[in-house]
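Scope of the values below: all heavy atoms of this structure, side chains included, with no hydrogens, waters or symmetry mates.
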Amino acid sequence: SKIGAINIDAVDNDENAVCNAIENLEVNNVENVNVMLGDVDILEENNIIYDTIIANINRNVLLTQMEYYKKYLKKNIK
């Protein structure tokens, strides 16, 4: 957000992490981040195509969920 992203969705499956993220956004006056409690199923529920997906998850989980990320990532970004 601070370097130019317009809209950001942030997802975590840990309720404490979600609460902490919301608090940090408020402290830093960031208003364009939508923090959600959930997992990769959020992609299916929201059906949004993203320019970029950044995931900070265990490698094995990433490999298992890669098809979800691919499905909801814009193609041919320049």
Side-chain angles (χ1 to χ4, degrees):
S1 176
K2 294 288 187 176
I3 60 171
I6 296 168
N7 295 309
I8 301 169
D9 287 335
V11 180
D12 202 298
N13 65 357
D14 182 312
E15 189 172 349
N16 290 327
V18 169
C19 291
N20 191 14
I22 292 168
E23 181 179 315
N24 285 331
L25 292 168
E26 290 171 357
V27 166
N28 290 288
N29 299 312
V30 176
E31 298 179 358
N32 64 331
V33 179
N34 177 30
V35 182
M36 299 173 278
L37 179 63
D39 55 23
V40 74
D41 293 332
I42 291 283
L43 297 175
E44 291 281 336
E45 293 170 15
N46 290 337
N47 198 29
I48 299 172
I49 303 299
Y50 293 94
D51 292 332
T52 305
I53 296 176
I54 300 171
N56 183 15
I57 313 171
N58 173 289
R59 177 185 182 274
N60 292 332
V61 174
L62 286 171
L63 292 173
T64 302
Q65 297 177 350
M66 196 60 64
E67 287 303 313
Y68 284 101
Y69 304 135
K70 183 179 172 182
K71 181 177 176 181
Y72 293 100
L73 187 61
K74 283 185 183 175
K75 294 169 179 49
N76 300 318
I77 297 292
K78 294 182 180 171

Rounded to the nearest 0.5 Å, how far apart are NZ of K74 and CD1 of I49?
9.0 Å
ILVMFWY cluster, V11 and L37 together (side-chain gap under 4.5 Å)
no
D39 side, atom CG; Y68 side, atom OH - distance, nearest 0.5 Å
9.0 Å
In terms of hydrophobic clustering (I, L, V, M, F, W, Y; side-chain heavy atoms under 4.5 Å; direct or indirect links), are V18 and I57 co-clustered?
no
Which heavy atom of N32 sits nearest to which heavy atom of S1, and what is that distance?
OD1-OG, 2.6 Å
For I53, which residues count as a side chain to side chain contact (heavy atoms under 4.5 Å, CB included) partner, sequence neighbours excluded?
Y50, Y69, L73
Suppose we screen for side chain to side chain contact (heavy atoms under 4.5 Å, CB included). Which residues come up paired with N34, at least two apart in sequence or across chains?
D9, M36
Out of curiosity, Q65 CD to K71 NZ, how far, rounded to the nearest 0.5 Å?
13.5 Å
Starting at CG of N47, measure out to CD1 of I42 and round the result to the nearest 0.5 Å.
12.5 Å
How does the hydrophobic cluster around L63 look, that is, which other residues are in it when side-chain heavy atoms under 4.5 Å mark a link?
none
Review item, side-chain donor-acceptor pairs of residues 21-29, under 3.5 Å, at least two apart:
from: N24; atom 1: ND2; to: N20; atom 2: O; distance (Å): 3.3
from: N24; atom 1: ND2; to: N20; atom 2: OD1; distance (Å): 3.4
from: N28; atom 1: ND2; to: N24; atom 2: O; distance (Å): 2.8

Hey, quick one: are M66 and L43 part of the same hydrophobic cluster, counting side-chain heavy atoms closer than 4.5 Å, chains of contacts allowed?
yes
Please check if atom CD in E15 has more than 12 non-hydrogen atoms from other residues, nucleotides or ligands closer than 6.0 Å.
no
Partner residues of D14 under the side chain to side chain contact (heavy atoms under 4.5 Å, CB included) criterion, sequence neighbours left out:
D12, N16, A17
Residue set satisfying side chain to side chain contact (heavy atoms under 4.5 Å, CB included) with I54, at least two apart, ordered chain then number -> T52
